[in-house]
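Heavy atoms only: backbone and side chains are in, while hydrogens, waters and symmetry mates are out.
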Amino acid sequence: MTAAERKQRTDAADALCAAAFAAAVTDPDPPGLALVAVGGYGRGELAPFSDLDVVLVHDEDVEVGEVATCLWYPLWDSGTTVDHAVRSMSQVTTAAEDDLRVALGLLDARHLAGDPSLTLRLRTTLLAGWRRDARRRLPELRETVARRGRRTGELAQVSVPDLKESAGGLRDATVLNALVATWSVDVPHTDLERCHSRLLDVRDVLHDVAGRGTNRVSPELWEDLAIGLTLPDAGAAQRHVRGLGRRMTHLSRLTWRRADAVLATPARAGSRRGPALQPLAPGLALASGEVVLDRRAEPRRDPLLLLRASAEAAGRDLVLAPATAARLVRESPAPQEPWTPETRNLVVRLLAAGPGLLGVWETLDETAALDRLLPEWDRVRLLPHASPVHRFTVDRHLVETCIEASALIRRVNRPDVLMVAALLHDIGKGGPGDHSIAGEPVAADVARRMGFSATEVGLVRRLVRHHLLLAEVATTRDIEDPATVGFVADRVRDVETLDLLAALTEADARATAAAAWTSWRAGLVGHLVRRVRAVLTDLSGATSPTAVPPPDKSVEVEERVRLDPTRVDVTVQPSTGGSRVTVVSGDRVGLLAAAAGTFAVHRISIRAARAWTQGEYAVSVWEVDDPGPDPALLRQHLEAILEGRLDPVGRIPAERRRLEPSVAVRHDASWQATVLEVRVEDRPGGVHLVCRALAALDITVRSAHLTTFGPQAVDVFYVQEPAAGALSEERAAAAAHGVRRALRSPVTLDA
């Protein structure tokens, strides 16, 4: 089936309608009376069993009389199914204003017979009204599209897709063209037309193999559909159709994001020559709600620019401009292998971004970026699950598992390992045999390429190999039996793996289907985890995940600081992917907060830090992402903060937060100090807020150990009273409460 055959069907229908109209009127060119095709017929999209949607339109002063009756009978007698109506011009425009679905069908009105000037006036009036009322009508259209998607599911995902009504189907193509007709947004026309045409081809074949007019592809039709589409087998037919649906869904999401941005902007007379660029990150800018390259970007010299753009877009729930992604795939070099920690960190930030991951991941897939970053993805791309309980294809399920796991990273010590395991846990479904066993070596290869250590690779392997273990054992064996607990403990081996596996189990189930993680199942898994934890803790003797920090090397103190400990010395050294900044001054409460605040003022991200006291001096070493900060300017701002002339809090941008900060007191981690473990989303100013809150309570930070795992900062602070050692339980609770309150205040918490 081809576009040429659809044109033949349309031409034949046009001839039939024109002949019926000519037989029904006495004047071959009656003024003020026209027969128009609307909807799919108006667009020339007739399938073998399509209806003919036609409207007999007339001016107010034209008497239709017996014309309508004489017109419809020949069409009915031909055996054609006709959906017809007779309307005056005013009735047509009123119907379009009152009914959104009618308006969409009339936007494609096409002249068949009669007065062509009337059809022209009709089209002009309808399009002008559609453009005039776009801001009022688009929210209703958006809700209609969303409601239809919730009812029918996605064409790329549901087991019995509807080529027309499912999200990503032919109805969405009509909506996209209607959006373009508002002149508010644009779409990639070539991609849209190609995808639309191929979906029409599929529907034509579906009508032929089903022998009737249908849009639903039931499971038994895939094989016949493959034959009609000249594809190898039913699996290939599924991939083909689901691929078209995914592409249409991607175009729809992208266009609606652009439409939302337009609707959020007050209407103004006139227009700019182009969108304003707002700096976002090195080499990146924000333009009309999309992440794009800034004017100074050098894609050919920056292998991390694509990942940085992806992580920024997903983390902020923005659109990664497809043209930007495609250009970066073409021009920027691939990351070196094994990946550097910075490369891996960007990928983990992307995976743990939450709901913003889906649209960005689709853009990476559509622009072939995944083929370069993760060639193993082709094993599961658009692969249907064998079990009907799954609501998504395997590749989409993996992305949804990452989204679910991103909400659980506070529970584990290694969120980076959790996110990689979430992405890869079903990667073995692309081959024969038990997918857990088949996926283990594949996941290990990916983890090694990502630059994980041998120990971390082993952890990823165990998580992929045993990702079904907790759910299966909890629901099929006696949890109270010590043999059951021992069986799980032998495979899990340690508490860290157990915590990761528990989080992965929940994320996997939640991503499978709403009914896959019930309170009953969660209770069983939770009970099993508690019993296994008790056994593993007894075996290892482990009581806390926070390790006592190793001693740091001494730093030479500059003479001017020795002469005046209130002075500050700042030095900068280049390091991989950024700089190492060392700050030395006389030890005092608030110094660490001021140093962290200085980086917040400069919008410099802190990747890691260590701080300690060296006699009467305080030393802090900061690993930051800026390749060349000015040490003199850093010192100037640091001194201004210490003297109270500059408040960093006013410079910290408010950001969205999906997860509550976690602040825990680790009483058993040190004898000399109280240990605070802070887990919070990594963002500028976070360290300053913690240190400032502690300084306000007259608590000294004796040692700070900052680590970033993807989007989560895990910061450990060894704190003391200024001259009295560890904090009392009451003071420790006050410190935790103060830090928690400080981390909440400058941001907004997402529902």
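- Expressed to the nearest 0.5 Å, how far CD1 of Ile699 lies from OG1 of Thr674 amounts to 8.5 Å.
- Arg462 has a carboxylate O that lies under 4.0 Å from a charged side-chain N of Asp494, or vice versa, which qualifies the two as a salt bridge.
- Between Thr571 and Pro631 there is no side-chain heavy-atom pair separated by less than 4.5 Å.
- Of the inter-residue distances, the one linking Gln278 atom CD with Leu284 atom CG reads 12.0 Å to the nearest 0.5 angstrom.
- Between Arg308 and Glu312 there is no salt bridge, since no side-chain nitrogen of the basic residue lies less than 4.0 Å from a carboxylate oxygen of the acidic one.
- Between His425 and His466, the ring centre distance reaches or exceeds 6.0 Å.
- With sequence neighbours excluded, no residue forms a salt bridge (charged side-chain N to carboxylate O under 4.0 Å, His left out) with Glu556.
- Residues Leu418 and Ala405 share a closest heavy-atom pair of CD2-O, 4.0 Å.
- Under 3.5 Å, the side chains of Glu456 and Ser453 contain a donor-acceptor pair of N or O atoms.
- With respect to the salt-bridge test (charged N to carboxylate O, under 4.0 angstrom), the residues Arg411 and Glu506 qualify.
- Residues Val525 and Trp517 are in side-chain contact: their nearest non-hydrogen atoms beyond the backbone lie under 4.5 Å apart.
- Side chains of Leu592 and Val687 form no contact here, defined as non-hydrogen atoms less than 4.5 Å apart.
- A cation-pi geometry, defined here as NZ or CZ lying under 6.0 Å from the six-membered ring centre and within 45° of its normal, does not hold between Arg448 and Phe452.
- Gln573 places no side-chain N or O within 3.5 Å of a backbone atom of Ser579 that could act as its donor or acceptor partner.
- Annotation: the span from Leu374 atom CG to Arg449 atom CZ amounts to 6.0 Å, rounded to 0.5 Å.
- To the nearest 0.5 Å, atom NE2 of residue His637 and atom OG1 of residue Thr598 are 8.5 Å apart.
- At a threshold of 4.0 Å, the pair Asp499-Arg533 counts as salt-bridged, since one of the basic side-chain nitrogens sits closer than that to a carboxylate oxygen.
- In this structure, Glu496 does not pair ionically with Arg414, as no charged nitrogen and carboxylate oxygen lie closer than 4.0 Å.
- Of the possible polar contacts, none joining the Arg603 side chain to the Ala281 backbone as a donor-acceptor pair under 3.5 Å is found.
- Comment: Glu677 engages Arg679 in a salt bridge, judged by a side-chain N to carboxylate O separation of less than 4.0 angstrom.
- Electrostatic pairing of Asp647 and Arg692 counts as a salt bridge here, judged by a charged N lying under 4.0 Å from a carboxylate O.
- For the 3.5 Å distance criterion, the side chains of Glu623 and Ser575 qualify, holding a donor opposite an acceptor.
- Of the possible polar contacts, one joining the Thr484 side chain to the Asp478 backbone as a donor-acceptor pair under 3.5 Å is found.
- Taking both residues in full, the closest heavy atoms of Pro629 and Ile604 are given as CB-CD1, 4.1 Å, listed atom of the first, atom of the second, then distance.
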request  = Test salt bridge (Lys or Arg N to Asp or Glu O under 4.0 Å) on Glu558 and Arg560 and set out the steps.
outcome  = CA-CA 6 Å; Glu558 291 293 325; Arg560 59 194 182 88; 5.7 Å; no
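- Between Met450 and Pro338, the closest side-chain pair of non-hydrogen atoms is not below 4.5 Å.
- Residues Val420 and Leu424 are in side-chain contact: their nearest non-hydrogen atoms beyond the backbone lie under 4.5 Å apart.
- Dense packing is recorded around CD of Glu643, with more than 12 heavy atoms of other residues, nucleotides or ligands lying under 6.0 Å away.
- In this structure the side chain of His688 never reaches within 4.5 angstrom of the side chain of Cys691, judged on heavy atoms.
- Looking at heavy atoms from C-beta onward, Pro335 lies out of side-chain contact with Thr340 at the 4.5 angstrom threshold.
- Under a 3.5 Å cut-off, the side chain of Arg645 and the backbone N or O of Ile641 do not form any donor-acceptor pair.
- The existence of a salt bridge linking Glu472 and Arg477 is excluded, since no basic side-chain nitrogen approaches an acidic carboxylate oxygen closer than 4.0 Å.
- Although no hydrogens or angles enter the test, the distance criterion places a donor-acceptor pair under 3.5 Å between the side chain of Ser585 and the main chain of Pro565.
- Here the straight-line distance linking atom CG of Leu351 with atom OG of Ser406 works out to 10.0 Å at 0.5 Å rounding.
- Shown here for Ala595 and Leu638, the closest heavy-atom pair between the two residues is N-CD1, 3.5 Å.
- In summary, of the residues considered (Val492, Val412, Leu536), a side-chain contact (heavy atoms from CB on, under 4.5 Å) with Thr497 occurs for Val492 alone.
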request  = List the steps, then state whether side chain to side chain donor-acceptor pair (under 3.5 Å) holds for Glu480 with His527.
outcome  = CA-CA 9 Å; Glu480 304 302 328; His527 184 45; 2.6 Å; yes
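- Separating the OG1 atom in Thr582 from the CH2 atom in Trp622 is a distance of 11.0 Å, to the nearest 0.5 Å.
- The backbone N or O of Val557 sits less than 3.5 Å from a side-chain atom of Arg562, completing a donor-acceptor pair.
- The shortest heavy-atom contact between Ala489 and Val535 is CB-CG1, 4.3 Å.
- Contact check for Val572 versus Asp630: no side-chain heavy atoms found under the 4.5 Å cut-off.
- Residue Arg531 qualifies as enclosed at atom CZ: its count of foreign heavy atoms under 6.0 Å is above 12.
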